[in-house]
Novice: 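Quick one: the structure is below, and I'll ask about it shortly.
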Amino acid sequence: MYVYNLTMVVSDEVFLKWQTWLKEAYLPAIKAVDTIEKVRVFKLLDAPEKHYAVHCETSSPSHLLHFIE
């Protein structure tokens, strides 16, 4: 398994807009990519600010490179 990690720091001022964008735009766009098999969103607990990690999982390096490009 290969994972593309995108970590985001989200301020309180834009959190609700960011959350809406993540659910309605970003995650559906990622899920539409046929080489990505699973997408997970994690909240990092040890961070002083709101940190989130989005993991896009795929089964091969070529699929991951295709996604990154």
Novice: Going from CH2 on W18 to NZ on K23, what distance comes out if it is rounded to the nearest 0.5 angstrom?
Specialist: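 Answer rounded to 0.5 Å: 9.5 Å.
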Novice: Determine whether Y26 and L16 fall in the same hydrophobic cluster, where Ile, Leu, Val, Met, Phe, Trp and Tyr are linked whenever their side-chain heavy atoms lie under 4.5 Å apart.
Specialist: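 Per the 4.5 Å side-chain linkage, Y26 and L16 are co-clustered.
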Novice: Hydrophobic clustering (ILVMFWY, side-chain heavy atoms < 4.5 Å, transitive) - are V14 and L6 grouped together?
Specialist: yes
Novice: Does the side chain of M8 reach to within under 4.5 Å of the side chain of H51, using non-hydrogen atoms?
Specialist: no
Novice: How far apart are the C-alpha atoms of T20 and L22, what are their side-chain angles, what is the distance that settles it, and do they pass the side chain to side chain contact (heavy atoms under 4.5 Å, CB included) test?
Specialist: CA-CA 5 Å; T20 300; L22 183 73; over 6 Å; no
Novice: Please determine whether side chain to side chain contact (heavy atoms under 4.5 Å, CB included) holds for the pair K50 and F15, giving the CA-CA distance in whole Å, both sets of side-chain angles, and the decisive distance to 0.1 Å.
Specialist: CA-CA 9 Å; K50 291 180 178 172; F15 179 74; 3.8 Å; yes
Novice: Measure the CD1-SG distance between I30 and C56 for me, rounded to the nearest 0.5 Å.
Specialist: 5.0 Å
Novice: Stepwise, does the side chain to side chain contact (heavy atoms under 4.5 Å, CB included) test hold for N5 with V54?
Specialist: CA-CA 6 Å; N5 177 66; V54 178; over 6 Å; no
Novice: Going by side-chain contact (heavy atoms from CB on, under 4.5 Å), L64 matches just one of V3, T58, T35. Which one?
Specialist: T58
Novice: Is any side-chain heavy atom of V10 less than 4.5 Å from a side-chain heavy atom of Y52?
Specialist: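 Sidechains of Y52 and V10: in contact.
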Novice: Run the side chain to side chain contact (heavy atoms under 4.5 Å, CB included) test on V41 and L27 for me, step by step, so that the C-alpha distance in whole Å, both residues' side-chain angles and the decisive distance to 0.1 Å come before the verdict.
Specialist: CA-CA 9 Å; V41 179; L27 292 178; 4.1 Å; yes
Novice: Determine whether the aromatic ring centres of residues H55 and F42 are separated by less than 6.0 angstrom.
Specialist: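 Here the rings of H55 and F42 have centres that are less than 6.0 Å from each other.
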Novice: Answer yes if the side chains of E37 and S59 hold a donor-acceptor pair under 3.5 Å, and no otherwise.
Specialist: yes
Novice: Hey, can you tell me if F67 and Y4 have their rings parallel, tilted or perpendicular (30° and 60° cut-offs)?
Specialist: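 F67 vs Y4 ring planes: perpendicular.
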Novice: Look at the side-chain heavy atoms of Ile, Leu, Val, Met, Phe, Trp and Tyr, link any pair under 4.5 Å apart, and say whether V33 and Y2 land in one connected group.
Specialist: yes
